[in-house]
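Chain letters run A, B, ... following the sequence lines, proteins first, then strands; residues in each count from 1. Predicted model only: the values in this text are computed from it and were never measured.
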Number of protein chains: 2
Amino acid sequence: MLLSKGCIYGLRSSLFLASQENDGYVSIREISEKLDISFHFLTKILQQLTSTGLMESHKGPKGGIRLTKSGSEVNLFEIVAAIDGVELFTECALGLPGCGVKKPCPLHEKWAGTRDGIRYMLENTNLMELAKKGKEQNLRITEHGGFEWLLNNDCNDAS
Amino acid sequence: MLLSKGCIYGLRSSLFLASQENDGYVSIREISEKLDISFHFLTKILQQLTSTGLMESHKGPKGGIRLTKSGSEVNLFEIVAAIDGVELFTECALGLPGCGVKKPCPLHEKWAGTRDGIRYMLENTNLMELAKKGKEQNLRITEHGGFEWLLNNDCNDAS
DNA sequence: GAGTTTTAAGAGTATTTTGTCTTAATTTAA
DNA sequence: TTAAATTAAGACAAAATACTCTTAAAACTC
Ligand code: SF4
Ligand code: SF4
């Protein structure tokens, strides 16, 4: 599995927040219900994103969580790095420690290229473009539900 | 982590076998010691590779394990698929079930491209080329040791 | 200020992955 | 035929990951 569950949940939540029409706080409870993620588990994951400054939270009624920057300023790599760390993009396909510093293994060049490909894709994809695309084409953000319940009531029979 | 530990050990062992000068059986004990992998754990992993036909084993003295096909015929994708399965290459970056069949999510096109990039790299890398490269350039196959102890005693002070 | 709503924090549990150990079965060789 | 060497198989244990539950702290409403 490329990304941890926590990272996947973080990405989905970020996309959900970027898709909101207004920029107010959204409660973690609402996110967990809409995206079908365990509330307490999600709370911990989002804490990681607030501690790195990608999101900000507010307690009490009317509280919740929101992106600090606009969706177009947040790329997927930032989110992955905040939750799973950068190991995926620095470590070795063969699990050998100390890559790059010491003598490489025969797979290195090919693996480094592939690894950079993953990174490039994540760095060059921002939340805004995904949210925009999801809304326009009414794509999905959870197993069954999509972006239709983010819009007012545009297209409900698109199946 | 892209690949499981078991898969990593399987790849390293395969590369080790492809690097052997003769085509006899190599005992799992020797592989586990040379590559610093738990013997019993490695035994289980290599059983997966024999059960899929990539390797064949032989019990008793003079027994061990060896590749069924020549190294140039075995690409890394086959080994990964045999141990970790093909989920990495079919499933979703966002962990949503039923990808491709139902409505896609906004990340799909980009992720599918990246995913295919990983697969392409693995499918187009065979054990023979890695073994050849490792020997020629005296690269490493474990944390400290490399291909030098596969050769007779060619270059021992290459550090 | 009291009560409610929300995130924060940490302990605790469950599941999966990773690794160990023991026993059995097979093969070789003396 | 006996002993040694090896893989096969499965129970077991440890560690990492994923998830749950409880309590605390903060912020809002009245
Ligand atoms: S050189 Fe590349 S492939 Fe080899 S151990 Fe380092 S990161 Fe891995
Ligand atoms: S369509 Fe979406 S859910 Fe399916 S594999 Fe692609 S990114 Fe994942």
Could I get the full list of side-chain hydrogen bond (donor to acceptor under 3.5 Å, both in side chains) partners for [X], not counting sequence neighbours?
X       : value
T125(B) : K110(A)
E78(A)  : K69(A)
E136(A) : K132(A)
E56(B)  : R66(B)

> Rounded to the nearest 0.5 Å, what separation is found between the CG atom of L96(B) and the SG atom of C105(B)?
Replying inline: 6.0 Å
Rounded interatomic separation in angstrom, taking [atom1] from [X] and [atom2] from [N]:
X      : N       : atom1 : atom2 : value
L2(A)  : dT17(D) : CG    : P     : 15 Å
Q48(A) : dA9(C)  : CD    : P     : 12 Å
I37(A) : dT20(D) : CD1   : P     : 12 Å
I8(A)  : dT17(D) : CD1   : P     : 14 Å

>> Can you build the contact string for nucleotides 4-13 of chain D? Use B for base contact, S for sugar-phosphate-only contact, and - for no protein heavy atom under 4.0 Å.
In response: -BBBBBBB--
> Can you pull the ring pair (Phe, Tyr, Trp, His ring centres under 6.0 Å) pairs that have at least one residue in residues 114-138 of chain B, sequence neighbours excluded?
Replying inline: none
> According to the ring pair (Phe, Tyr, Trp, His ring centres under 6.0 Å) rule, which pairs have a member within residues 51-78 of chain A, sequence neighbours left out?
Replying inline: Y25(A)-H58(A), F77(A)-F89(A)
> If an axis is fit to five pairs at each end of the helix from dG1(C)-dC30(D) to dA30(C)-dT1(D), what is the angle between the two, to the nearest 10°?
Replying inline: 0°
Do any side-chain atoms of residues 79-88 of chain A form donor-acceptor pairs under 3.5 angstrom with protein atoms, and if so which ones, sequence neighbours left out?
residue : atom : partner : partner atom : Å
D84(A)  : OD1  : S4(A)   : OG           : 2.5
D84(A)  : OD2  : S4(A)   : N            : 3.0
D84(A)  : OD2  : S4(A)   : OG           : 3.4

Tabulate protein N/O versus nucleotide N/O from nucleotides 15-18 of chain C, keeping only pairs under 3.5 Å, one per line.
residue : atom : partner : partner atom : Å
dT18(C) : OP1  : K5(B)   : N            : 3.3

>> I'd like to check the side-chain contact (heavy atoms from CB on, under 4.5 Å) partners of I8(A); sequence neighbours left out, ordered by chain and number.
In response: L3(A), R12(A)
> Who passes side-chain contact (heavy atoms from CB on, under 4.5 Å) against S70(B), sequence neighbours left out?
Replying inline: S72(B), E73(B)
